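From a predicted model like this one, the values you see are computed outputs, not experimental measurements. Every heavy atom of this structure was used, including side-chain atoms; hydrogens, water molecules and symmetry mates were not. In what follows, residues are counted from 1 in the order of the sequence shown.
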Amino acid sequence: FFLFVVMQCGTFYDLSRVVNLHKPDDQVECFYIPKAKAEPLMYEGKVVGDIDAGNSVNCEVINICPHGSCTHTECVGHITKEKQAVMPPPPLMKAVLISPRLSTFESSNDEYPTGANQDQILSSEALEAALSPYVDRNSTIEAVIIRTEVGSERRNKNFSGTNPPYLTPKSMYYLVSIGCRHLLVDLPSVDKENDKGFVASHSAFFGIPAREECDGAVVARTDTEVSPERVGTTITELCFIPTPKTESELEDEPQTPQDGMYTLNLQTSPLLLDAIPSRPIIFTNPMQ
């Protein structure tokens, strides 16, 4: 299948951040989540999965939280009381790659529950400006891929405690209005790092009412409140999309992908979780 797609769709770019389970210092970090690791299988207190320890095979147990360790795709189950699992997306999708300009929260008309004046955001104005040329030519854009200088500055960056840029609910509503069902970003989250639990931008994209504060606590919604039209939508975070500034760190990879239309193959892990490791690949010949 992959060979067929390459033959039909041209050059491809892998937009994933891989996680090296044996080198903790060679990993991306977010939200102070413990680093991923792999250790030999143990049985009755003895190592049984390490050839170097005298075993017949290597067999490892992994410990990973996709939300902070690698490129991952998540569904509405990430923010609902019920633990829904990611539904496999279509194998090939029409996608557009854009590099919108970041702005400060105070310079935009967008709102955010915990926005601060100097926060860097991807505003609805910036998204509309970046996407308008493609919206004019395409009635529906199924997938939108967003690259930022902050998110793709380095492949293995420590985002924890840095208040990375985020999207606003109004940005999400705009994406929904143009038919976007699969959003991919190079940031740790579409919401603010410390948003007090509102996850306002996730909620807007997944079609679920905004969370409200009750007795000092922000209350999560249930999956029965999800708009039927938004069932099956996904958000992929922690992509790595090379820029001219980061291309020098790449070795055996193609050159920096330019903004424009692509065919997207969003590969997901066969795990029934709200967020799973994923591998987005884009091809230069866009779907018609």
Nearest heavy-atom approach of I276 to S269 is CD1-O, 3.2 Å
For F205 and T234 the tightest heavy-atom approach is CE2-O, 3.3 Å
Do any N or O atoms from the side chain of E82 and from the backbone of D223 form a donor-acceptor pair under 3.5 angstrom?
yes
Heavy-atom closest pair (G68 atom, L238 atom, distance to 0.1 Å) is C-CD1, 4.3 Å
*asked:* Taking F206 as the starting point, is it possible to reach Y173 by hopping between hydrophobic residues whose side chains are less than 4.5 Å apart?
replied: no
- Taking Q120 for its side chain and Q118 for its backbone only, find out whether a donor-acceptor pair lies under 3.5 Å. no
- Item | Full working for side chain to side chain contact (heavy atoms under 4.5 Å, CB included) between K196 and E213 | CA-CA 10 Å; K196 298 184 180 179; E213 197 167 357; over 6 Å; no
Between T263 and F12, is there a side-chain heavy-atom distance shorter than 4.5 Å?
no
Heavy-atom count check: over 12 atoms from other residues, nucleotides or ligands less than 6.0 Å from E111 CD? no
Worksheet item: Cut-off 3.5 Å, side chains only: do N163 and N194 have a donor facing an acceptor?
Response: no
Below 4.5 Å, heavy atoms only, C-beta onward: do I121 and Y112 meet side chain to side chain?
no
Pairing donors with acceptors under 3.5 angstrom, does anything connect the side chains of D259 and S99? yes
Are the side chains of R221 and P209 in touch, meaning some heavy atoms are under 4.5 Å apart? yes
Report yes or no: do E125 and S108 form a side-chain donor-acceptor pair below 3.5 Å?
yes
May I ask whether I33 and L187 are part of the same hydrophobic cluster, defined by side-chain heavy atoms of I, L, V, M, F, W, Y residues being less than 4.5 angstrom apart, directly or through others? no
message: Tell me if a side-chain donor or acceptor on R211 pairs with a main-chain N or O of I79 at a distance below 3.5 Å.
response: yes
Between the main-chain N or O of T148 and the side-chain N or O of D186, is there a donor-acceptor pair closer than 3.5 Å?
-> yes
Validation row: L127, I98 side chains within 4.5 angstrom (heavy atoms)
yes
Less than 4.5 Å apart, any side-chain heavy atom of T233 and any of V76? no
*Side-chain donor/acceptor of E142 to backbone N/O of G179, under 3.5 Å*: no
query = Would the number of heavy atoms belonging to other residues, nucleotides or ligands and lying under 6.0 Å from CG of L272 be above 12?
reply = no
Rounded to the nearest 0.5 Å, the CD atom of E60 sits from the CG atom of N63 at a distance of 12.5 Å
Minimal heavy-atom distance between T73 and T236, with the atoms involved, is OG1-OG1, 2.7 Å
Does N109 offer a backbone N or O that forms a donor-acceptor pair with the side chain of K170 under 3.5 Å?
-> no
Under 3.5 Å donor-acceptor, R17 side chain and R155 backbone = yes
- If we ignore angles and hydrogens, is there a donor and acceptor under 3.5 Å between the side chains of D14 and S16? yes
Contact between L21 and K37 at the side-chain level, heavy atoms closer than 4.5 Å - yes or no? no
Smallest heavy-atom separation, T256 atom then Y13 atom, equals C-CE2, 4.3 Å
message = Within the 4.5 Å heavy-atom criterion, are K192 and Y166 side-chain neighbours or not?
response = yes
Please lay out, stage by stage, how L131 and L175 fare under the test side chain to side chain contact (heavy atoms under 4.5 Å, CB included). CA-CA 9 Å; L131 284 167; L175 292 173; 3.7 Å; yes
Go through the steps to decide whether Y262 and V96 satisfy the test side chain to side chain contact (heavy atoms under 4.5 Å, CB included), and finish with yes or no. CA-CA 6 Å; Y262 290 86; V96 60; over 6 Å; no
CG (N156) and CG (D26) are apart, to the nearest 0.5 Å, by 4.5 Å
Spell out, as yes or no, whether a donor-acceptor pair under 3.5 Å connects the side chain of N158 to the backbone of S160. yes
Between the side chain of N58 and the main-chain N/O of I51, is any donor-acceptor distance below 3.5 Å?
yes
Heavy atoms of I208 and T222 approach each other most closely as CD1-O, 3.7 Å
CE (M93) and CG (L266) are apart, to the nearest 0.5 Å, by 5.0 Å
ask   = Considering only heavy atoms from C-beta outward, does the side chain of I146 approach that of L167 to under 4.5 Å?
value = yes
*Same apolar cluster (I L V M F W Y, side chains within < 4.5 Å links), V185/Y134*: yes
TODO: Could you tell me whether a side-chain N or O of D191 sits under 3.5 Å from a main-chain N or O of H202, the two making a donor and an acceptor?
DONE: yes
Here the gap from E39 atom CD to L41 atom CG, rounded to the nearest 0.5 Å, amounts to 11.0 Å
